[in-house]
Amino acid sequence: MRRVFKTRSFSRWLRKTELTDSTLCKAVAEMELGLVDADLGGGVIKKRVPLPGRGKSGGARTLLATNRADRWFYVFGFEKNERANISAQELQALRMLSGDLLSLSAASLDTWVKSATLQEICNEGQN
């Protein structure tokens, strides 16, 4: 079963945008079909998502930790007009975070959701 989460820091950034959880879930469905913008290594991928009225090219960039099967974690986001990309140090930190998130057991994930450290935004049965 596919589970999609967003971290607390990603949720804070998301509130500043017009993106919705539904848009993020649709982006995961696209990535499951192989439509990934960049594989940054270490379980981190980049996906462009459209902002209302601006489309994908002028939209937001999201970084996810994923095993590309049943776990997807939105961990970082930025608008293209705010910055071009992330630094090498940020990428290294995201790769370490990815390893930590992907190693969590299902019970640990449930605990993190209950504590609001992670928010589950969609699963295989929802879009």
Side-chain angles (χ1 to χ4, degrees):
M1 177 174 87
R2 168 181 31 127
R3 296 182 75 182
V4 182
F5 305 90
K6 57 186 177 183
T7 62
R8 195 178 285 162
S9 61
F10 185 87
S11 293
R12 279 193 296 271
W13 170 78
L14 190 64
R15 285 192 291 271
K16 300 175 194 171
T17 73
E18 297 178 49
L19 289 174
T20 64
D21 288 350
S22 175
T23 300
L24 298 176
C25 291
K26 288 177 186 171
V28 168
E30 289 178 5
M31 290 183 280
E32 288 178 321
L33 297 173
L35 300 173
V36 172
D37 292 308
D39 185 337
L40 304 177
V44 178
I45 59 175
K46 180 161 76 171
K47 177 68 174 167
R48 292 181 296 167
V49 291
L51 288 170
R54 292 196 269 176
K56 283 187 182 180
S57 63
R61 307 302 184 255
T62 59
L63 299 176
L64 295 94
T66 183
N67 61 6
R68 292 194 185 210
D70 61 344
R71 292 193 180 178
W72 303 81
F73 300 87
Y74 281 94
V75 294
F76 193 81
F78 59 94
E79 290 188 42
K80 185 178 177 185
N81 62 359
E82 292 175 352
R83 62 190 296 176
N85 216 334
I86 60 170
S87 70
Q89 285 179 323
E90 288 170 320
L91 178 56
Q92 184 65 24
L94 290 172
R95 286 177 177 157
M96 290 186 344
L97 175 61
S98 175
D100 291 344
L101 291 171
L102 293 172
S103 68
L104 291 173
S105 68
S108 293
L109 283 173
D110 292 339
T111 299
W112 282 35
V113 168
K114 286 178 186 168
S115 72
T117 301
L118 291 174
Q119 182 181 357
E120 190 161 10
I121 58 173
C122 53
N123 62 40
E124 199 166 56
Q126 303 171 325
N127 280 329

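Computed from heavy atoms alone, side chains included, the values below leave out hydrogens, waters and symmetry copies. Because the structure is a prediction, the values reported are computed rather than measured.
Between L24 and L14, some side-chain heavy-atom pair lies under the 4.5 Å cut-off. At least one side-chain heavy atom of D21 sits less than 4.5 Å from a side-chain heavy atom of K6.
Of the residues listed (D37, L63, V28), the one engaging K47 in a side chain to side chain contact (heavy atoms under 4.5 Å, CB included) is D37, and it is the only one. Just one of T66, D70, L64 meets the side chain to side chain contact (heavy atoms under 4.5 Å, CB included) condition when paired with R68; it is T66.
The shortest heavy-atom contact between G42 and S98 is O-OG, 3.1 Å. Between V49 and A27, the shortest heavy-atom contact is CG1-CB, 3.7 Å. Taking both residues in full, the closest heavy atoms of N67 and R71 are given as OD1-N, 3.1 Å, listed atom of the first, atom of the second, then distance. Here the closest heavy-atom approach between residue Q119 and residue S11 is recorded as OE1-OG, 3.9 Å. Closest non-hydrogen pair, A60 versus L19, comes out as CB-CD1, 4.0 Å. Nearest heavy-atom pair across D39 and I45 is CA-CG2, 4.1 Å.
At a threshold of 4.5 Å between side-chain heavy atoms, the hydrophobic network of Ile, Leu, Val, Met, Phe, Trp and Tyr places L102 and L118 in one connected group. In the hydrophobic clustering of ILVMFWY residues, with side-chain heavy atoms under 4.5 Å counting as a link, I86 and L101 come out together. Taken together through direct or relayed side-chain contacts under 4.5 Å among Ile, Leu, Val, Met, Phe, Trp and Tyr, L40 and F78 form part of one hydrophobic cluster. In the hydrophobic clustering of this structure, V75 does not group with M31; members are Ile, Leu, Val, Met, Phe, Trp, Tyr whose side-chain heavy atoms approach within less than 4.5 Å, directly or through other members. Residues F73 and L91 are members of one and the same hydrophobic cluster, defined by side-chain heavy-atom contacts under 4.5 angstrom among Ile, Leu, Val, Met, Phe, Trp and Tyr.
With sequence neighbours left out, T7 forms a side chain to side chain donor-acceptor pair (under 3.5 Å) with S9. When the salt bridge (Lys or Arg N to Asp or Glu O under 4.0 Å) test is applied to D110, the partners found at least two apart in sequence or on another chain are R3. For F10, the ring-ring contact (aromatic ring centres under 6.0 Å, His included) partners at least two apart in sequence or on another chain are W13, Y74.
A donor-acceptor pair under 3.5 Å links the side-chain atoms of R8 to the main chain of A116, judged by distance alone.
The line from CG of N85 to NZ of K46 is 4.0 Å long, rounded to the nearest 0.5 Å. Note that CD of E82 is 11.5 Å distant from CZ of R61, once rounded to the nearest 0.5 Å. In this structure, the separation between NZ on K26 and CD on E30 is 9.5 Å, given to the nearest 0.5 Å.
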Kindly indicate, with the supporting measurements, whether the criterion side chain to side chain contact (heavy atoms under 4.5 Å, CB included) is fulfilled by F5 and L109.
-> CA-CA 9 Å; F5 305 90; L109 283 173; 4.0 Å; yes

Candidate pair I121 and W72, rule side chain to side chain contact (heavy atoms under 4.5 Å, CB included), full reasoning | CA-CA 10 Å; I121 58 173; W72 303 81; over 6 Å; no

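Under the 4.0 Å criterion applied to side-chain N and carboxylate O atoms, R83 and E90 are assigned as salt-bridge partners.
For the residue pair T20 / S22, no side-chain donor-acceptor distance below 3.5 Å is found, with atom types taken as modelled.
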